[in-house]
Number of protein chains: 2
Amino acid sequence: MAKKPEIPHVVVSRLPIYLRALEHARQEGLTCISSQELGERLSISSAQIRKDLSMFGEYGKQGRGYPVDALIHALRQHLHVDRVWDVVLVGVGDLGHALARYKGFAERGFRIAMAFDKDPAKIGTTAGDLTVEDIRLLARRVQEAGIKIGMIATPAAAAQEVANLLVFAGVRAILNYAPIHLTVPNDVRVEYLDPVIPLQRMTYYL
Amino acid sequence: MAKKPEIPHVVVSRLPIYLRALEHARQEGLTCISSQELGERLSISSAQIRKDLSMFGEYGKQGRGYPVDALIHALRQHLHVDRVWDVVLVGVGDLGHALARYKGFAERGFRIAMAFDKDPAKIGTTAGDLTVEDIRLLARRVQEAGIKIGMIATPAAAAQEVANLLVFAGVRAILNYAPIHLTVPNDVRVEYLDPVIPLQRMTYYL
DNA sequence: GCCGGCTTGTGCAAATTTGCACAAGGAGAC
DNA sequence: GTCTCCTTGTGCAAATTTGCACAAGCCGGC
């Protein structure tokens with residue numbers, strides 16, 4: 001299943017956006033949606049959407065558009081979110097707490113299964129419905145649970161070290177809230193969510 | 001000052017990343033850094049970095065690299081973060097609180113100047129060092145203060161309405177944490193920070 | 001002053017990504 | 001059944017983005 005060569009990453013990166021929009025459309029009661037309608041909702045050209053979706057199969061019906069339910073199902077399969085992924089959270093400050101309590105993860109296929117911190121004052125306290133554990137236990141706990149996804153919500157100074165630990169524990173995908181670039185092995189993916197970066201991208205145009 | 005035609009957005013979008021890395025380098029005491037060194041730190045090719053930077057002027061010195069201080073200064077100017085931007089926060093739930101208390105904004109040129117919510121139970125309470133105000137006062141307050149940047153941390157259902165309100169109040173750049181695409185006029189920029197999107201981008205490869 | 005070692009800035013080519021435009025095909029009206 | 005309307009999937013061309021490779025240039029050592 002060599003996927004990278006087949007599907008360019010730009011396309012993959014748009015799929016979750018399509019999925020989210022389709023789920024909104026379904027909630028509105030739509031059963032079928034055209035690439036044009038979807039494109040207008042997302043400010044993406046309809047040709048782009050058709051070409052992207054055609055890489056995974058012919059889900060559309062000429063004259064009607066795409067059946068919403070079937071397409072949601074197909075996208076979930078391709079994105080591997082037709083299951084629930086356990087996630088490990090590291091760093092339980094303000095942001096970590098907000099993440100632990102955020103309902104949006106569970107609704108869309110992710111479950112924060114464990115939370116770690118290195119501050120003794122935090123260990124043993126609760127975050128959402130989790131008990132914060134000692135980061136020294138992370139490797140074993142994550143390994144045993146087979147968790148593949150980590151979220152880093154620590155200060156920048158600790159982030160690289162935490163990343164190393166996560167990789168060591170078997171994590172293959174990291175969502176990094178800390179404002180720093182992480183260096184990881186090639187087979188580990190990182191996505192960044194430093195809020196200042198998008199702000200600075202916008203001020204360029206102001 | 002027609003900037004869009006001159007500098008492609010892909011380039012602009014990398015500048016804040018460079019800036020952040022340069023600030024880290026400076027903290028380490030580096031006064032000069034080569035495109036290769038910077039590229040290795042960011043997993044970006046050195047040619048890419050040289051080409052990006054060359055669009056703004058010739059800051060580099062052959063044989064040595066780029067002077068860190070001068071380049072930071074120049075990037076800040078081009079990104080318009082050589083000043084402090086006031087930001088208005090809408091939605092003071094868990095996430096909104098975390099944002100209001102986050103120190104990283106102030107350190108890098110942004111100040112959350114006001115916070116609004118529509119829940120009467122929250123209005124008047126504090127978030128960080130702000131007092132939460134009634135969203136019905138938003139338009140006037142934001143307009144008077146001349147605030148151009150907004151952050152939306154409300155549930156998805158309210159986000160579009162809030163965006164409309166912000167635009168009406170004169171906001172020209174929106175950072176949207178709600179998991180929904182926003183439709184705004186062409187001269188308004190939006191950046192998205194729904195954490196589930198990057199997670200789903202990564203599970204494709206797991 | 002001259003030489004060797006690095007690094008920049010950039011012309012050019014390759015690769016990737018987007019968008020146009022249309023043949024093919026399904027659905028409903030009558 | 002036939003006709004009309006609408007939308008998909010895609011070949012091809014255009015536009016954008018990346019990367020190579022090298023001349024030009026600065027620095028420190030001798």
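When reading the values below, keep in mind they use all heavy atoms of this one structure, side chains included, and skip hydrogens, waters and symmetry mates. By convention in this document, chain letters (A, B, ...) are assigned in the order of the sequence lines, proteins followed by strands, and residues within each chain are numbered from 1.
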Nearest-Å distance, CE (M55(A)) to P (dT8(D))? 17 Å

Nucleotide dT8(C), atom P - distance to CG of D52(B) in whole Å: 13 Å

Is the ring pair Y204(A)/F56(B) parallel, tilted or perpendicular, if the boundaries are 30 and 60 degrees? perpendicular

Rounding to an integer number of Å, can you tell me how far I7(B) CD1 sits from dT16(D) P? 14 Å

Minimum-distance pair of heavy atoms, taken over all atoms of Q48(B) and R14(B): NE2-NH2, 3.1 Å

Got a list of protein N/O to nucleotides 5-7 of chain C N/O distances below 3.5 Å?
{"from": "dT7(C)", "atom 1": "O4'", "to": "G63(B)", "atom 2": "N", "distance (Å)": "2.9"}

Spacing between Y59(A) atom OH and dG26(C) atom P, to the nearest angstrom: 18 Å

Interatomic distance where CG belongs to L53(B) and C1' belongs to dT18(D) [whole Å]: 15 Å

Please report the distance, rounded to the nearest Å, between NE2 in H9(B) and P in dT17(C). 16 Å

Would you say the side-chain atoms of D94(A) and Y102(B) include a donor-acceptor pair closer than 3.5 Å? no

Test item: D117(A) side-chain N/O and I123(A) main-chain N/O as donor-acceptor pair under 3.5 Å: no

In this structure, are over 12 heavy atoms from other groups packed under 6.0 Å from R83(B) atom CZ? yes

Quick one: the side chain of K51(A) and the base of dG19(C), do they pair up donor-acceptor inside 3.5 Å? yes

From dT10(D), dG19(D), dT10(C), nucleotide with atom closest to Q48(B) side chain: dG19(D)

CD of E40(A) versus P of dT7(D): gap in Å, rounded? 10 Å

What is the distance, rounded to the nearest whole Å, between atom CD1 of I49(B) and atom P of dT17(D)? 17 Å

Please check if the distance between the ring centroids of H181(A) and Y192(A) is under 6.0 Å. yes

